[in-house]
Amino acid sequence: QVQLVESGGGSVQAGGSQRLSCVASGYSFNRDCMGWFRQAPGKEREGIAAIYGARGAAYYSGSVEGRFTISRDNVKNTLYLEMNRLKPEDTAMYYCAADNSCITTAGGAWSRPVYWTYWGQGTQVTVSS
């Protein structure tokens, strides 16, 4: 049984940094794909970062590229999202996701929630101006 547990959310001022963590269990952590999604009130859930395969290839949405970094620690079975230069529009619930099938990254398919099977409960990030 796959379990994903996020932590690290909270309140931060614009321009600040924050690191989210997601501990995974029951999952082939170092071989398959994992991702970070977020959902703001009244908006659809969106993929913002994903990491694929043993080599850890990383993919980002345009809204966070250059500011956020996804990484993982295969020993600790933990996925991270380092967020820098945070903006008020980054305020959202952040979710960790995993999948065994790993949809192609072509055309940004990885960023669509429908292609991911396992989800954490989410952690709230609030950025104040």
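Nothing here was measured: the structure is a model prediction, and the numbers come from that model.
Val5 and Met93 fall into different hydrophobic clusters, where Ile, Leu, Val, Met, Phe, Trp and Tyr residues are linked whenever their side-chain heavy atoms come under 4.5 Å apart, directly or through other members. Put simply, Tyr118 and Ile70 are part of the same group of oily side chains (I, L, V, M, F, W, Y) that touch within less than 4.5 Å, one to the next.
For the pair Leu4/Gln121, no side-chain contact is recorded, criterion being any heavy-atom separation below 4.5 Å from C-beta on. In this structure, Arg72 and Met34 have side chains that are not in contact, with every pair of non-hydrogen atoms separated by 4.5 Å or more. Tyr80 has its side chain within reach of Arg19: a pair of non-hydrogen atoms, C-beta onward, lies under 4.5 Å apart. Counting only heavy atoms from C-beta outward, the side chains of Pro113 and Trp119 approach each other to under 4.5 Å. Ile103 is not listed as a side-chain neighbour of Arg112, based on a closest heavy-atom distance of 4.5 Å or more. Side-chain contact check for Val125 versus Met83: some heavy-atom pair is nearer than 4.5 Å.
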request  = Might you work through the side chain to side chain contact (heavy atoms under 4.5 Å, CB included) test for Gln39 and Glu46, ending with a clear yes or no?
outcome  = CA-CA 6 Å; Gln39 188 168 17; Glu46 62 169 342; over 6 Å; no
message = Show, in sequence, the C-alpha distance, side-chain angles and deciding distance for Tyr52 and Asp32, and conclude whether the side chain to side chain donor-acceptor pair (under 3.5 Å) test is met.
response = CA-CA 6 Å; Tyr52 270 57; Asp32 293 325; over 6 Å; no
request  = Could you check Leu81 against Val64 for side chain to side chain contact (heavy atoms under 4.5 Å, CB included), going step by step and ending with a plain yes or no?
outcome  = CA-CA 11 Å; Leu81 184 68; Val64 306; over 6 Å; no
task = Please lay out, stage by stage, how Glu82 and Gln18 fare under the test side chain to side chain contact (heavy atoms under 4.5 Å, CB included).
result = CA-CA 6 Å; Glu82 185 72 37; Gln18 203 158 21; over 6 Å; no
ask   = Which is it for Asn84 and Ser17 under the side chain to side chain donor-acceptor pair (under 3.5 Å) test, yes or no, and what are the steps along the way?
value = CA-CA 4 Å; Asn84 298 312; Ser17 299; 2.8 Å; yes
message = Show, in sequence, the C-alpha distance, side-chain angles and deciding distance for Gln3 and Val23, and conclude whether the side chain to side chain contact (heavy atoms under 4.5 Å, CB included) test is met.
response = CA-CA 8 Å; Gln3 285 191 320; Val23 178; over 6 Å; no
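Judged as a disulfide (SG to SG under 2.5 Å), the pairs with a partner in residues 37-100 (not counting sequence neighbours) are, in order, Cys22-Cys96.
Heavy atoms only, all atoms of each residue included: Ala40 and Ala92 are closest at N-CB, 3.8 Å.
Atom OH of residue Tyr60 and atom OG1 of residue Thr69 lie 4.5 Å apart, to the nearest 0.5 angstrom. Here the CD1 atom belonging to Ile51 is positioned 11.5 Å from the SG atom belonging to Cys102, to the nearest 0.5 angstrom. Between atom CG of residue Asp90 and atom CZ of residue Arg67 there is a gap of 4.0 Å, rounded to the nearest 0.5 Å. One distance of note links CG of Asn100 with SG of Cys33; it measures 8.0 Å at 0.5 Å rounding.
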Contacts table for residues 104-111: side-chain donor-acceptor under 3.5 angstrom, sequence neighbours left out:
{"unit_1": "Thr104", "atom_1": "OG1", "unit_2": "Ala106", "atom_2": "N", "d": "3.0"}
{"unit_1": "Ser111", "atom_1": "OG", "unit_2": "Gly108", "atom_2": "O", "d": "2.7"}

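Taking the centre and axis of the six-membered ring of Trp116, the NZ or CZ atom of Arg45 falls outside the cone set by 45° and 6.0 Å.
Outside the 6.0 Å centre-distance limit, the rings of Trp36 and Phe68 are not counted as a close aromatic pair. Taking the six-membered ring where the residue is Trp, the centroids of Tyr94 and Phe37 are separated by 6.0 Å or more.
Take Ser61 and apply the side-chain hydrogen bond (donor to acceptor under 3.5 Å, both in side chains) test, not counting sequence neighbours, and it matches Ser63.
A donor-acceptor contact shorter than 3.5 Å links the side chain of Thr123 to the backbone of Gly9. Ser21 places no side-chain N or O within donor-acceptor distance of the main-chain N or O of Ser7, the cut-off being under 3.5 Å.
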